[in-house]
Amino acid sequence: MLREMLVGKLHRAAVTDCKLDYAGSLGVDADLIDQAHLLVHQKVQVYNVNNGARWETYLVARARGLGEIVVLGAAARLAQPGDRVIIVGFGILSEAELATYAPTVLELDERNRVMAKH
């Protein structure tokens, strides 16, 4: 049996910008993508803590080390700079893979610096 499981999570990331005139996706600092064990173009769900909006999209890399979280395309109507969001990526794992599986959760501060890693 295959199970869809949490792979990586950016907990309470701060939106740094919103750009409506873009084809769509979520721009995330490439360092954060790597540290959370996520991948560019991976499907993610985004939960806006400030207004309750939820959407699915995919990741695109932003410049390393700048802490950017940029909501792009139509989803830019669902957030504004300063909003805190939870970004979660999932993967399909086999029963055998579950034996050694552990998701990566990064807790972020208001400047998207990693405060804790679980």
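Only a predicted model underlies this, so the values are computations on that prediction, with no experimental measurement involved. No hydrogens, no waters, no symmetry mates; every other heavy atom, side chains included, goes into these values.
For the atom pair K9 NZ and E107 CD, the distance stands at 8.0 Å (nearest 0.5 Å). The distance from the NE2 atom of H37 to the CD atom of Q35 is 9.0 Å, given to the nearest 0.5 Å. If you take CZ on R3 and OG on S94, they are separated by 11.0 Å, rounding to the nearest 0.5 Å.
Using a 4.5 Å cut-off on side-chain heavy atoms (C-beta onward), N112 and D29 make no contact. In this structure the side chain of V114 reaches within 4.5 angstrom of the side chain of L32, judged on heavy atoms. Here the side chains of T57 and V44 are in contact, with some heavy-atom distance below 4.5 Å. Between E68 and D17 the shortest side-chain heavy-atom distance does not fall below 4.5 Å. A 4.5 Å side-chain heavy-atom check between I69 and I87 finds at least one atom pair inside the cut-off. You'll find the side chain of R64 reaches within 4.5 Å of the side chain of D34, heavy atoms only. The shortest distance between side-chain heavy atoms of R77 and L20 falls below 4.5 Å. Residues K19 and L72 have side chains in contact (heavy-atom distance under 4.5 Å, counting atoms from C-beta outward).
The two residues V7 and Y101 have their closest heavy-atom pair at N-OH, 4.5 Å. For E97 against I92, the heavy-atom pair with the smallest separation is OE1-O, 4.0 Å. Minimum interatomic distance between C18 and A79 (heavy atoms only, all atoms of both residues): SG-O, 3.4 Å. The nearest pair of heavy atoms linking A36 to L10 is CB-CD2, 3.9 Å. Residues A61 and V40 approach most closely at CB-CG2, 3.9 Å, considering heavy atoms. A75 and W55 make their closest contact through CB-NE1, 3.5 Å (heavy atoms, listed as atom of the first residue, atom of the second, distance).
Look at R84 and E110 and you find no salt bridge, because none of the NZ, NE, NH1 or NH2 atoms lies under 4.0 Å from a carboxylate O.
Transitive grouping of hydrophobic side chains (ILVMFWY, heavy atoms separated by less than 4.5 Å) brings I86 and L6 into a common cluster. In the hydrophobic clustering of ILVMFWY residues, with side-chain heavy atoms under 4.5 Å counting as a link, V46 and V70 come out apart. Hydrophobic clustering keeps Y47 apart from L38 (ILVMFWY residues linked when any side-chain heavy atoms are closer than 4.5 Å, directly or through intermediates).
Between the side chain of Y22 and the main chain of V71, no donor-acceptor pair closer than 3.5 Å is present. Under the 3.5 Å distance criterion, the side-chain polar atoms of D83 are left unmatched by any main-chain donor or acceptor of N48. Remark: the backbone N or O of F90 is paired with a side-chain donor or acceptor of Q42 at under 3.5 angstrom.
Within a 6.0 Å sphere centred on CZ of R113, other residues, nucleotides and ligands contribute more than 12 heavy atoms.
For the side-chain contact (heavy atoms from CB on, under 4.5 Å) with R12, the lone residue among V49, V85, D109, L106 that qualifies is V49.
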